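First comes the structure, then the notes that go with it.
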Amino acid sequence: MRREPSILHVDLDAMFAAVEQRDKVSLRGRPVIVGGVAGRGVVATASYEARVYGARSAMPTSEARRRCPSGTAFLAPRFAAYRRTSQVFMAVLAELSPMVEQVSIDEAYVDLAAGGDHDLSPEAVTAIARKLKADVAAATGGVTASVGVASSKLVAKIGSELHKPDGLTVVPAGDERTVLSPMPVGSLPGVGPAAQERLRRAGVQTIGHLAAVELGYLLEWFGQAHGAGLYRLARADDDRGVVTDRETKSVSAEETFDVDLTDRARLYHELDLLARRVGERLRAAGLSGRTVTVKIRHYDFTTITRSLTRDQPTDDPQLVADYARRLLSDVNTSAGIRLLGVGVSTLTAYAQDDLFSSLVVPDGVVEEPVPQAQDASASASALASSLAPSPSPELATATWRPGQDVRHDEYGAGWVWGSGLGRVTVRFEGPLTPPGPVRTFAVDDAALHAADPPDWTS
DNA sequence: TCTGGGGTCCTAGGACCC
DNA sequence: TCTGGGGTCCTAGGACCC
C-alpha cells in the first residue's frame with residue numbers, strides 16, 4: 001500500500017453495448033443485449049437500460065429475452081469494433097503514464113507514480129481522473145469510463161465499481177479500510193459464489209467481518225494461497241505492482257453446440273476446426289506449446305479434460321489435431337456432447353519444426369490409426385443427420401426474419417445462426433442490411449459443409 | 001430453448017529422482 | 001532392509017475473472 005492514491009483503475013461502462021449504441025443511433029436509450037443470440041447463448045453485456053429489467057452478464061440469453069420488453073435489441077458481438085475502441089482507449093491511458101496494465105479489452109490499471117511527474121495529492125489526482133474520463137469519452141465517440149483512484153490495485157478496482165456508470169471515486173491514503181469494511185465480501189476480487197457461500201456459513205458477510213477472522217480459519221477453509229490472500233485483502237494490505245506485460249500461458253478454443261452431438265465423425269471434424277484455430281493463433285503469436293488438452297462437456301454439463309505433454313513444442317494445427325483426436329478417442333461420447341475444446345499450454349516463445357514427429361512414438365504409447373477428416377459429402381450428411389430425428393428436405397432450409405437471431409455486420413457477409421429451425425447455419429454471400437422481407441435460403445450439401453459456426457473472435 | 005468463450009491460478013495425487 | 005523427505009513434472013479438476 002502506498003502513501004498516495006497513485007493507482008488508477010479504469011473500466012469502460014457496459015462496453016460492448018455502449019459501442020453498439022454509439023454506432024447505431026436507433027439503439028440509444030433502448031435496452032441492448034450483446035452476447036450469444038443462438039439457443040445456448042449467454043449475455044456478454046447488458047446496457048444499463050436492459051439492467052433495469054434484471055438482465056445481467058452471464059445470464060442465458062433466453063432468460064434475458066423473457067425479462068426484457070419487446071423493442072430490446074439482441075445483438076451478436078462485433079469484436080473487431082470493440083478491439084478498435086479498446087486500442088483508442090489504451091492509447092489515451094498511455095498518454096498519462098508509461099505504466100499501463102491492460103487487464104481485459106475494457107479495463108486497465110495506470111500507475112501515476114511511474115512517470116509524468118504527477119502531483120499525487122487527492123485534489124490533483126481527482127482532476128487528472130476527471131480529465132481522463134473526458135478524454136476517453138471524446139476519443140471513443142462517447143463511450144464512458146468509470147475510474148477508481150487509490151493507493152493499491154485492490155482499492156482502485158473497488159473504487160471504480162462504486163459509482164458506475166460514468167463514476168469517479170478517489171480514496172485518500174488512510175481511508176482504505178473504512179471504505180472496504182461495510183462492503184459485501186463478494187466485492188473482493190477472488191471471492192466468487194463458492195467462497196461467498198463458505199463465508200456466509202461462518203457468518204461472514206462483509207469485508208469488515210472478514211478482517212476479524214483469524215488467519216488459521218481462512219487457511220483451513222481456502223487453502224494456503226487463497227486463504228493468506230484473503231487475509232491480506234480484507235485488511236487492504238495489497239502491494240501488487242502495475243505490470244505492463246504478462247506472458248501468455250495457454251491458447252485455446254472451444255465451442256458449445258446448438259444441439260448435443262453423438263456422431264463420432266462429426267466430433268472429430270469439430271475437433272479439427274478447433275485445432276486449426278488454436279494452431280493459427282499460436283503461429284500468429286509466435287508461440288509453440290508442449291501440452292495438448294481436450295475439454296469435453298457432456299450433455300449433463302459434467303466437464304472433463306484430458307491432456308498429454310509432448311517432448312517437443314509445436315504450433316502445427318495438424319499435430320495438435322492428431323493428439324486431440326487421440327485424447328478424445330478414449331472418452332465415451334455416446335450420451336451426447338455439449339461442448340468441445342482444444343487447448344495448448346506449456347508454451348515457449350519460438351516455433352520449432354517438428355520434422356520427425358511422425359516417426360516418434362512416445363514411450364508406452366501404442367500408435368493407433370488416427371481418424372481422418374471427412375470429405376465434404378460425409379460432413380454434410382453427418383450434419384444433416386444430426387438435424388432432427390428424421391432428416392427431411394425442408395430441414396435443409398433456413399428462414400431468416402429481419403432483426404431476429406441475425407448477426408448483422410456492415411463490413412461484409414453476415415450469418416444466420418440458429419434462427420427459425422434452430423440448427424442450420426447459413427452463410428450469406430451478400431450484406432444483410434437493410435432489412436427486407438422474410439427471405440428463404442435453400443441449403444445444399446456444399447453450403448452445409450461450408451457452414452462453420454460464426455467465429456466470435458474474428 | 002439454463003448455464004459462452006478465453007483465460008489465470010491453485011490444489012492434490014502419483015511418478016520419479018536424489 | 002519395512003521405510004525419509006524434498007523437489008519437480010504431469011494430470012485432472014475447480015474457482016474465478018472479464
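Numbered from 1 within each chain, the chains take letters A, B, ... in sequence-line order. Since the structure is predicted, the reported quantities are computational estimates derived from the model, not experimental observations.
Here the nucleotide nearest the side chain of A:Asp106, chosen from C:dT11, C:dC18, B:dG6, is C:dC18. Listed nucleotides: C:dA12, B:dT3, B:dG6. Nearest to the side chain of A:Val42: B:dT3. Listed nucleotides: B:dT3, C:dC18, B:dG5. Nearest to the side chain of A:Pro60: B:dT3. Minimum atom distance to the side chain of A:Arg281 is reached by B:dG6, of the listed C:dC18, B:dG6, B:dC2. Ranking C:dC18, B:dG4, B:dG5 by closeness to the A:Ala58 side chain, first place goes to B:dG4. Set against C:dC18, B:dT11, B:dG7, the side chain of A:Ala225 has B:dT11 as its closest nucleotide.
The cationic group of A:Arg83 does not satisfy the cation-pi geometry with A:Phe79, failing either the under 6.0 Å distance to the six-membered ring centre or the 45° limit from the ring axis. A cation-pi arrangement, defined by a distance under 6.0 Å to the six-membered ring centre and an angle within 45 degrees of its axis, is present between A:Arg65 and A:Phe74.
Within 4.0 Å (heavy atoms only), A:Val191 reaches sugar-phosphate atoms of the nucleic acid but no base atom. At a threshold of 4.0 angstrom between heavy atoms, the contacts of A:Glu63 with the nucleic acid are absent. Contacts of A:Thr248 with the nucleic acid, taken as non-hydrogen atoms under 4.0 Å apart, involve only primed sugar atoms and P, OP1 or OP2. If you check every strand for non-hydrogen atoms under 4.0 Å, A:Leu12 touches nothing. Note on A:Ile105: nothing from the nucleic acid sits closer than 4.0 angstrom, heavy atoms only. Backbone-only engagement by A:Lys157 is indicated by non-hydrogen atom pairs under 4.0 Å involving sugar-phosphate atoms exclusively. Across all strands shown, A:Arg40 has heavy atoms under 4.0 Å from sugar-phosphate atoms exclusively, and none from any base. At the heavy-atom level, A:Val251 lies under 4.0 Å from the strands shown only through sugar-phosphate atoms. Among the atoms of the strands shown, only primed sugar atoms or phosphate atoms (P, OP1, OP2) are found under 4.0 Å from some heavy atom of A:Arg297.
Between B:dG5 and A:Thr256, a contact under 4.0 Å exists linking OP1 or OP2 to a side-chain N or O. The phosphate of B:dC9 (OP1 or OP2) has a side-chain N or O of A:Lys249 nearer than 4.0 angstrom. One finds a side-chain N or O of A:Thr309 lying less than 4.0 angstrom from the OP1 or OP2 phosphate oxygen of C:dT11. Side-chain N/O atoms of A:Ser250 include one lying less than 4.0 angstrom from OP1 or OP2 on B:dT8. Proximity of A:Ser62 to the phosphate of B:dC2: no side-chain N or O atom is located under 4.0 Å from OP1 or OP2.
In plain terms, the two heavy atoms of A:Val149 and A:Leu168 that are nearest each other are CG2-CD1, 4.5 Å. Looking at every heavy atom in both residues, A:Val34 comes nearest to A:Glu20 through CG2-CG, 3.9 Å. Of all heavy-atom pairs spanning A:Ala211 and A:Arg177, the tightest one is CB-NH2, 3.6 Å.
Summarising the geometry, atom CZ belonging to A:Arg290 is positioned 11.0 Å from atom CG belonging to A:Leu308; distances are rounded to the nearest 0.5 Å.
Between the CG atom of A:Asp245 and the C1' atom of B:dG7 there is a distance of 17 Å, given to the nearest Å. Rounded to whole Å, the distance from CZ on A:Arg338 to C1' on B:dG4 is 9 Å. Atom CD of A:Gln102 is separated from atom P of B:dG7 by 14 Å (rounded to the nearest Å). Whole-Å rounding puts the A:Glu220 CD to B:dT11 P distance at 15 Å. One can place CZ of A:Arg198 at 21 Å from P of B:dC10, the figure rounded to the nearest angstrom.
Each of A:Phe301 and A:His226 has a nearest nucleotide on DNA chain B; the 5'-most of these lies closest to A:Phe301. When the nearest nucleotides of DNA chain B are assigned to A:Phe222 and A:Tyr299 by heavy-atom distance, the more 5′-ward of the two goes with A:Tyr299.
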Might you list the N or O atoms of the protein lying below 3.5 Å from N or O atoms in nucleotides 13-16 of chain B, with each pair's distance?
none

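For C:dC18, the paired nucleotide is B:dG5, the pair qualifying as Watson-Crick or G-U wobble because both relevant distances are below 3.5 Å.
With a glycosidic angle further than 90° from 0, C:dC2 counts as anti.
Using a 4.5 Å cut-off on side-chain heavy atoms (C-beta onward), A:Tyr109 and A:Val100 make no contact.
Ion pairing of A:Glu270 with A:Arg266 is present here, as a side-chain N (NZ or NE/NH1/NH2) and a carboxylate O approach within less than 4.0 Å.
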